[in-house]
Amino acid sequence: VNATPLKDRWKTCVLARPFGHAPAFRAAELEARAIRDREQLVTPRWSFRTFPQRGGRTAAYDTGDTTIFVPLFAGVDDGVTELVAAVCTIGDAMEQRIASLFETHEPTLALALDRLGTEELYRLSGRVLRMIHDTAHDRGLRAGPQVNPGDGTLSLERQDTVVALAGGARCGVSITSSGMLRPEKSLSFLVPLGPELEEDQVFGRCQYCPAREQCPVR
Ligand code: SF4
């Protein structure tokens, strides 16, 4: 079973790279936060659904409508009793404002707002993961390692499956013809549950991140 090791996944995170230290970058960050608040650009929405584990010990999960193969879960396979599919979004107002800033030739501010949108999305995904943990704990279950389509542990081609299982339509999230999420600032992920699983409190991409101590969302 092939899967990119967890320790390699932090590289994909834009927040692990500094935005810039020049005064112009700092000013853009402050202005981006003011725009976010003044224009109320963040509308958090989410949905998650739980499916009983009906597969064998093959990291393949039968959800009734489809079977989904999750290589990373092979290591915890025999302890998984349920699979949670989740999706969350901050809405599309932020991306529309970013596009308008590029049109008016304000790229630094556009990039600062884009980065802020990613920060908001990751903060929201952490909150949704905690909700999943809490509902699992209420039923005597524990949550194993979380994975995202396209993060090296689950094929990006399964994005549509994960979104459909999570109930993406309930929170306005859909898939483009190229397989990307819409609104752009959206995330989908899977979490295995079981009574004896070793619990992961930290979102998958963050576990080996060298910037974690300085991260605004962790
Ligand atoms: S801790 Fe997580 S969200 Fe923060 S920079 Fe690292 S990978 Fe990104």
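These numbers come from a predicted model, not from an experiment.
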- Item | Modelled atom types, side-chain donor and acceptor of His133 and Gln146, under 3.5 Å | no
- Item | Arg142 side-chain N/O to Leu197 backbone N/O, donor-acceptor pair under 3.5 Å | yes
- Shortest non-hydrogen contact from Leu113 toward Ala32: CD1-O, 3.6 Å
- Note on the structure: The reported gap from CG in Asp160 to CE in Met180 (rounded to nearest 0.5 angstrom) is 12.5 Å
- Task: Please examine the side chains of Ile68 and Leu190, heavy atoms only from C-beta on, and report whether any two atoms are closer than 4.5 Å.
- Result: yes
- Item | Verify same cluster id: Val70, Phe51 (apolar side-chain graph, 4.5 Å) | no
- Nearest heavy-atom pair of Val162 and Ala85: which atoms, and what distance? O-CB, 3.9 Å
- Note on the structure: Rounding to 0.5 Å, atoms CD (Glu184) and CD (Glu95) come to a distance of 4.0 Å
- Task: Take atom CE of Met131 as the centre, draw a 6.0 Å sphere, and report whether it contains more than 12 heavy atoms from other residues, nucleotides or ligands.
- Result: yes
- Message: Has Arg49 got a side-chain atom pairing as donor or acceptor with Leu165's backbone, closer than 3.5 angstrom?
- Response: yes
- Query: Would you say the side chain of Leu141 lies within less than 4.5 Å of the side chain of Glu82, judging by non-hydrogen atoms?
  - Reply: yes
- Message: Between the side chains of Glu119 and Arg123, is the shortest nitrogen-to-carboxylate-oxygen separation below 4.0 Å, so that they form an ion pair?
- Response: yes
- Message: Quick check for you: to the nearest 0.5 Å, what is the distance between Ile132 atom CD1 and Arg130 atom CZ?
- Response: 11.5 Å
- Residue Glu196 excluded, over 12 heavy atoms near CD under 6.0 Å: no
- Under the side chain to side chain contact (heavy atoms under 4.5 Å, CB included) rule, what do Phe19 and Leu111 come out as? Steps first, then yes or no, please. CA-CA 9 Å; Phe19 180 54; Leu111 291 172; 3.9 Å; yes
- Determine whether the side chains of Ser174 and Arg182 contain a donor N or O and an acceptor N or O closer than 3.5 Å. no
- Item | Non-hydrogen atoms of Cys88 and Val128 that approach each other most closely | CB-CG2, 4.0 Å
- Any side-chain heavy-atom pair from His137 and Glu199 closer than 4.5 angstrom? yes
- Message: Do Leu124 and Tyr122 have side chains that approach each other closer than 4.5 Å (heavy atoms only, starting at C-beta)?
- Response: no
- Query: Under 3.5 Å, is there a donor-acceptor pair between the side chain of Thr89 and the main chain of Arg45?
  - Reply: no
- Enter the distance from Leu101:CG to Ile35:CD1 here, rounded to the nearest 0.5 Å. 5.5 Å
- So, for Pro149 and Ser155, which heavy atoms are closest and what is the spacing to 0.1 Å? CB-O, 3.8 Å
- Message: Return the CH2 to CG distance between Trp46 and Leu187, rounded to the nearest 0.5 Å.
- Response: 14.5 Å
- Scanning both residues in full, the closest heavy-atom pair of Ala143 with Val191 reads CB-CG1, 3.7 Å
- Item | Heavy-atom side-chain proximity of Glu39 to Met94 below 4.5 angstrom | no
- Answer whether the closest heavy-atom distance between the side chains of Gln159 and Asn148 falls below 4.5 Å. no
- Query: Applying the side-chain hydrogen bond (donor to acceptor under 3.5 Å, both in side chains) test to Glu120, which of Arg36, Arg115, Lys185 qualifies?
  - Reply: Arg36
- Between CZ on residue Arg170 and OG on residue Ser47, distance to nearest 0.5 Å: 3.5 Å
- What heavy-atom pair brings Leu193 and Ala136 nearest, and what distance separates the two atoms? CD2-CB, 3.9 Å
